[in-house]
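Quick notes on the structure that follows.
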There are 2 protein chains.
Amino acid sequence: MTPTDRSHPAPRRVRMEEVARVAGVSPATVSRALKSPETVSERLRARVQEAAARLGYAPNRIAGSLAGARTPLVGVIVPSLTNSFFAATLDRMTTILEAEGYQLLIGQHAYDAAREERIATAFCSWNPSALVITGRDHTRGTVGLLSAAPCPVVEMWDHDDRPLDTGIGFSNREAGRLAGRYFAEQGFDKVAYVGAILGQDARARARSQGFAEQVRHLAGQDPLIADAKSRELGEGAAALRQILQRQPDTRAIAFSGDMLAVGAMFEAARMGLRIPQDLAILGYGDLDIAAHTNPPLSTIRPPHDEIGAAVARHILHRLAVPEAQSENVDLGVRLIRRLSA
Amino acid sequence: MTPTDRSHPAPRRVRMEEVARVAGVSPATVSRALKSPETVSERLRARVQEAAARLGYAPNRIAGSLAGARTPLVGVIVPSLTNSFFAATLDRMTTILEAEGYQLLIGQHAYDAAREERIATAFCSWNPSALVITGRDHTRGTVGLLSAAPCPVVEMWDHDDRPLDTGIGFSNREAGRLAGRYFAEQGFDKVAYVGAILGQDARARARSQGFAEQVRHLAGQDPLIADAKSRELGEGAAALRQILQRQPDTRAIAFSGDMLAVGAMFEAARMGLRIPQDLAILGYGDLDIAAHTNPPLSTIRPPHDEIGAAVARHILHRLAVPEAQSENVDLGVRLIRRLSA
DNA sequence: TCAAGTTTTGAAAGCGCTTTCATATGCGCC
DNA sequence: GGCGCATATGAAAGCGCTTTCAAAACTTGA
């Protein structure tokens, strides 16, 4: 059975025609009274609205969309729903867009490019008002699809030169550089970086590259880099042990995720290391937990919810003002300085 | 401008009729060749599929849905996207449903019942294949809407006697009871509970009630209950101080959230209390962090992702087997015993 | 070979709205 | 009071597909 099968037949709902009959007007008037009340006389508008309310009329958006050539749907594709960064972005987006009558169609691809393309294809066939996709790295097919899409397309989270249409994000490389620069400013000589260097997460890789680049540039040496297989606490603890073994006099470590950093802080406490006196620790993400560790974790904060808000507002603007242009905005990252570094 | 406005005119896409012309068949045959290939002769099917591929034809789902009377859309309403429990549920649901060609329409109401009703109304007007809503507590309007919905309706996360249609969840009260029972079994006499007793979160309240009920029943005394205004680390630390002040010989504390518990563990470490020797701590949620604290946190695990999987499978079953019945399933909670209690 | 199936195919009727276009209605003014 | 204009309303034509129904094309068995 396919999704559009008819086997669960719908008891017929109230249709516009019925409202029209009850209100004693034509369906056209009902449509106008409901969608653009200002074009209908006071008297009829009241009659129609009352009839609609009395019958419990809910317009069929499918029909409306077919006739209207565009749906109040915004398709959003993220790698994962459980990643709290994307969740924060989606949270802001839904809140803003829902208030304007749009609905979010959400798909997740788990970093699988083929799945991303399938979802993008499926979303396009809904004639959405806008399409939002995470990142700048897509299959040829996805790129073709998005380039040809008859609606605004936003690539979010990553910033670089030439988005397909609009780009709203920040530079992960710059986030890494910021950490490197901060360590240099603090005069830390022996530093290290912990992150998923080998995985398929290009964002994490960009951060570690930015860090290494800046350390090399400012301190004239290569930082020690340790790979983390996951972003969980235990992995941070393991990375700390590994780093101290390979470079016992390490003075500061930047982590590619707050959880890794917190794990390392737990481990450091176990080892009797004082933070930040013996070892400075810098996180990335600014999760809720960061403000509440002991000592509170200094961290680099990506603009997760700002991205959601900016994307939503850009879309609303593009849809409201037909001549509005695409944009390419870098929302930047901030270093939240607490006590751990 | 309204969402269905026409001001951003779509460059006309390839339509079924065009595929039909190129393949030299009728539109009806194209429709069949694409949606139910087994009803079309080998020869024509190949011709149609080739023509469709060559033209890059993507069916217009809006039109298909209008004609087919049902959309491959599943509407899901959750209180919050950033809550990792619901995120885990949604994650499983999308993964399973996307694989079968369904798309998720996701709405969040931030615990605002009126907003919930608005979203439910909006979702109904899409003629979804199924509707999923979090919890059992809705406005009259929402209840009416869901009862009349011409599709399967699942109320998830909470379990009780009479769901409107299908219910898939667990009992928060039972989760609280489980904690109380565990403490009694361990022979802890002076116990306490920390949770959002006063907030609008009925689930948290049910857990604290279950806990109190069981302690009263098994230990013959009322536990000390402390309110937590948020679910963050700092609040757990504050609650711990408050409890030890009011009841210095407290032997075990159950928390309504892992983060609160972790915060309390940090604070206990600062105060020089040993866990679990001096004080046993039990969390709720089984977040990733729980397995990695020091000592690892014992906690009660709600079936977050199991709910997602069960809901998705129930929906697929209901849609595939027209005579399938609604269900009411309690997925239960588990006590994950680690070292903190 | 022909009648009686059986399977494939196509024509056409919607699905429930929106929107255009034409008609009706009301208004101000000479 | 009648003319022209602006505004309010209705009729009707789709939007692009699915599905029913009937006709056409094949089978099969006698």
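Chain A is the first sequence line, chain B the second, and so forth, proteins listed ahead of strands; every chain is numbered from 1.
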A/Ser326 vs A/Arg318 side-chain heavy atoms within contact, under 4.5 Å: yes
Residue pair A/Ser65 / B/Trp126: nearest heavy atoms and the distance that separates them: OG-CH2, 3.9 Å
Sole residue of B/Asp160, B/Asp161, B/Asp158 in salt bridge (Lys or Arg N to Asp or Glu O under 4.0 Å) with B/Arg136: B/Asp160
A/His317 side chain to A/Arg313 side chain, donor-acceptor N/O pair below 3.5 angstrom: no
Five-pair end axes of the helix from C/dT1-D/dA30 to C/dC30-D/dG1 and the angle they enclose, rounded to 10°: 40°
Test side chain to side chain contact (heavy atoms under 4.5 Å, CB included) applied to B/Leu105 and A/Leu73, step by step: CA-CA 9 Å; B/Leu105 220 39; A/Leu73 243 29; 3.9 Å; yes
Nucleotide C/dG16, atom P - distance to CG of A/Leu34 in whole Å: 17 Å
Nearest-angstrom distance from the residue atom CZ of A/Arg15 to P of C/dC15: 7 Å
Distance, rounded to the nearest Å, where A/Asn60 contributes CG and C/dC15 contributes P: 12 Å
Within residues 19-31 of chain A, residues whose heavy atoms come under 4.0 Å of DNA chain C: A/Ala28, A/Ser31
Spacing of B/His314 atom NE2 and B/Leu319 atom CG [to the nearest 0.5 Å]: 9.0 Å
Spacing of A/Met16 atom CE relative to C/dC15 atom P, expressed in whole Å: 15 Å
Test item: B/Gln325 side-chain N/O and B/Glu323 main-chain N/O as donor-acceptor pair under 3.5 Å: yes
Other residues, nucleotides, ligands: >12 heavy atoms within 6.0 Å of A/Asp137 CG: no
Nearest-0.5 Å distance that lies between atom CD in A/Glu155 and atom CD1 in A/Ile168: 11.0 Å
Letter per nucleotide, 5' to 3', of nucleotides 21-26 of chain C [B base touched, S only sugar-phosphate touched, - untouched; heavy atoms, 4.0 Å]: ------
For nucleotides 5-7 of chain D, give me every protein contact, N/O to N/O, under 3.5 Å, one pair per line with atom names.
none

Separation of C/dC17 C1' from A/Tyr57 OH (nearest whole Å): 7 Å
Ring geometry between A/His304 and A/Phe85 (parallel below 30°, tilted from 30 to 60°, perpendicular above 60°): tilted
A/Ser125 and B/Arg61: side chain donor to acceptor below 3.5 Å: yes
Of A/Val76, A/Ile77, A/Thr166, A/Ile133, the residue whose pairing with A/Met156 passes side-chain contact (heavy atoms from CB on, under 4.5 Å): A/Val76
For A/Thr39, side-chain hydrogen bond (donor to acceptor under 3.5 Å, both in side chains) partners two or more places apart: none
Spacing of B/Leu55 atom CG relative to D/dG16 atom P, expressed in whole Å: 15 Å
Side chain of B/Ala63 - closest among D/dC17, C/dT18, D/dT18: D/dC17
Strand-adjacent residues in residues 36-47 of chain A, judged by heavy atoms under 4.0 Å from DNA chain D: A/Val40, A/Ser41, A/Leu44
Gap between atoms CD and P, on A/Glu17 and C/dG16 respectively (whole Å): 10 Å
Check: A/Arg162 main-chain N/O paired with A/Asn328 side-chain donor or acceptor under 3.5 Å: no
Value rounded to 0.5 Å, distance of CD in B/Glu116 from OG1 in B/Thr134: 8.0 Å
Least distance between heavy atoms, B/Arg203 atom then B/Pro79 atom: NH2-CG, 4.1 Å
Whole angstrom value for the distance that separates C1' of D/dT18 from NZ of B/Lys35: 8 Å
